[in-house]
Number of protein chains: 2
Amino acid sequence: MGDDHSAARPLRADARRNRDRVLQIAQEALASDGLTISFDEIARRAGFGVGTVYRHFPTKEALVEAVLLGRIERFVADARALATAEDAGRAFFGWFTTVVEQAAANQALCDMLDSGSGMALRPGSTLADDFAAALARLLARAQRVGAVRPDLQAQDVHDLLRGCLAAERRARARGGAVRMAEVICEGMRAKPTSPPPTF
Amino acid sequence: MGDDHSAARPLRADARRNRDRVLQIAQEALASDGLTISFDEIARRAGFGVGTVYRHFPTKEALVEAVLLGRIERFVADARALATAEDAGRAFFGWFTTVVEQAAANQALCDMLDSGSGMALRPGSTLADDFAAALARLLARAQRVGAVRPDLQAQDVHDLLRGCLAAERRARARGGAVRMAEVICEGMRAKPTSPPPTF
DNA sequence: ATAGAATCGGAGAGCTCTCTCCGTTTGTCC
DNA sequence: GGACAAACGGAGAGAGCTCTCCGATTCTAT
């Protein structure tokens, strides 16, 4: 009862080819134009009728997920791999920076993490929970060793990540040199000198 | 030649009343729902036919500007007032924080500063230039006294402001306690430990 | 009170977007 | 090569949005 989808019907050869092509064109289109690109436009760029694309992906959301979910899964996997790293602070900041660096290059990925657009990754999906859990674990370890401000909660970091993404994306659009992630990581860092600069 | 709009036709009493009501309802609707709210919906909430609202504001953009431009002008005015403050660092961080605090309470204002939506405040408008110039001046002074990282450019700060707004808005939506502006200001601060700049 | 101008209301034009339907074309298996 | 299922294409339904048009209504000056 698990996957009645894989072996049941091996897809005709042309269909498989076309599906792959749609996936690739959609990937490029979404990366450059973001989630707001229309389904019709993706079909047009791929050179198919819109009906054909709908045959493979029943909704726009399904297509977007087919293209992007893997990316986010990889972020989660990265976080899990770092969850036992020796230097917890380095692991946390490194992961945060990596996510920003990679996502900033993909408009649709930004839109999705940005969440503004309400598509997949909305709370309730397993992946959203996994993402949040992985982030929370990295954060907790980094805080335990005093690398990150103890008053930050996982949700705060999630929001900061989204904000950082928004900033980084804009900066890239104009060829900015400063890494936004660096600035924001600096802000999340626990202050090394306990007495605040009352001086 | 200045204002051929005020004395020419004093508007009929009912029209003036209705215009004011539209403005107020639009203000509330935009603050809570953001720039994506439809013109029809604003008219409906105000209790007018859509034609009536169009009579007063020829496009949706005009209505939005009538509601929001004043707010942004005030941010610019605040920045100018602080441009000669004694403590340049305090002036810069205080202004940044104030803008975030106030804008975060108004969805449409966020959308506009966020710029995602391409409405007013797009480059080219005088106000956008004024905003950028005021920010640049505060920043330059704060950097001169060593309060802010010297590698940050005005554009970077503008982008960080937008990112901070996005983060703060989400944090508020769930009642978060951490002030995002504080974290990000911390990140923009020049490191006290590093050698004093050029001196 | 009444004429005449100013204002209102909302149907609908015109556009875009998602998604469906079904006649036509193409691949596969014998 | 032929039969039949699978896949394709694109017109168009349906929903939402901005904005226009003009007959119906309301105000104001006399």
Side-chain angles (χ1 to χ4, degrees), chain A residues 4-26 29-30 33-68 107-108 111-112 116-120 122, chain B residues 4-26 29-30 33-67 108 111-112 116-120 122:
Chain A
D4 63 355
H5 175 59
S6 56
R9 295 169 229 137
L11 268 191
R12 230 167 66 178
D14 56 338
R16 165 130 218 90
R17 235 189 349 256
N18 292 345
R19 186 179 193 283
D20 289 349
R21 173 167 173 80
V22 167
L23 227 29
Q24 186 188 326
I25 300 292
L30 285 167
D33 291 55
L35 290 183
T36 59
I37 193 171
S38 80
F39 203 95
D40 286 39
E41 174 64 15
I42 291 174
R44 204 191 54 73
R45 289 196 197 175
F48 294 113
V50 60
T52 302
V53 182
Y54 272 103
R55 160 170 286 273
H56 291 299
F57 305 96
T59 64
K60 181 183 175 183
E61 189 170 358
L63 173 57
V64 168
E65 291 185 355
V67 168
L68 294 182
Q107 179 75 50
D111 292 347
M112 198 140 137
S117 308
M119 300 197 85
R122 54 177 166 274
Chain B
D4 62 355
H5 174 57
S6 56
R9 292 170 232 138
L11 267 190
R12 228 167 65 180
D14 57 337
R16 165 130 217 91
R17 232 185 357 249
N18 292 344
R19 186 178 194 281
D20 289 349
R21 173 167 174 80
V22 167
L23 227 29
Q24 186 191 326
I25 300 292
L30 284 167
D33 291 56
L35 290 183
T36 59
I37 192 171
S38 81
F39 204 95
D40 287 38
E41 173 65 14
I42 292 173
R44 202 190 56 71
R45 289 195 196 175
F48 294 112
V50 60
T52 301
V53 182
Y54 272 103
R55 158 170 286 272
H56 291 299
F57 305 96
T59 64
K60 181 183 175 182
E61 189 171 356
L63 173 57
V64 168
E65 290 186 354
V67 169
D111 292 347
M112 197 141 137
S117 309
M119 299 200 85
R122 55 177 166 274

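Below, all heavy atoms of this structure are taken into account, side chains as well, without hydrogens, waters or symmetry copies. Within every chain, numbering begins at 1; the chains are lettered A, B, ... in the order of the sequence lines, protein sequences first and strands thereafter.
At whole-Å resolution of the value, CZ in A:F39 and C1' in D:dA13 are 17 Å apart.
Listed by first and then second residue, the salt bridge (Lys or Arg N to Asp or Glu O under 4.0 Å) pairs that reach into residues 48-59 of chain A come to none, sequence neighbours excluded.
Across all strands, B:D40 comes closer than 4.0 Å to base atoms (heavy-atom distances).
Residues from residues 49-56 of chain A that place a heavy atom under 4.0 Å from any atom of DNA chain C, listed by number: A:V50, A:Y54.
Taking the 5' to 3' direction, DNA chain C first and last meets chain A under 4.0 angstrom from a heavy atom at C:dC17 to C:dT28.
A pairwise comparison of heavy atoms in A:Q107 and A:L30 identifies CB-O, 3.9 Å as the closest pair. Contact detail for B:M112 and B:L35: the closest heavy-atom pair is N-CD1, 4.0 Å.
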Can you give me every donor-acceptor pair (side chain of residues 37-47 of chain B, partner residue at least two apart or in another chain, under 3.5 Å) with its distance?
residue : atom : partner : partner atom : Å
B:S38   : OG   : B:E41   : N            : 3.0
B:E41   : OE1  : B:R44   : NE           : 3.2
B:E41   : OE2  : B:R44   : NH2          : 3.0
B:E41   : OE2  : B:R45   : NE           : 2.9
B:R45   : NH2  : B:D33   : OD2          : 3.3

(request) Assign a letter to each nucleotide of nucleotides 25-30 of chain D from its 5' end: B, base within under 4.0 Å of a protein heavy atom; S, sugar-phosphate only; -, no contact. (result) -BSS--

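Counting only N and O atoms by type, the side chains of A:Q24 and A:D20 include no donor and acceptor under 3.5 Å apart.
The 5' end of DNA chain C is approached more closely, in terms of each residue's nearest nucleotide, by B:A15 than by the other of B:A15 and A:E41.
Looking at residues two or more places apart in sequence or on another chain, you find a side chain to side chain contact (heavy atoms under 4.5 Å, CB included) between A:D14 and A:R12, A:R17. In this structure, the side chain to side chain contact (heavy atoms under 4.5 Å, CB included) partners of B:R21, at least two apart in sequence or on a different chain, are B:I25, B:F48. In this view, A:L23 and A:R19, A:F57, A:L63, A:A66, A:V67 satisfy the side chain to side chain contact (heavy atoms under 4.5 Å, CB included) rule, not counting sequence neighbours.
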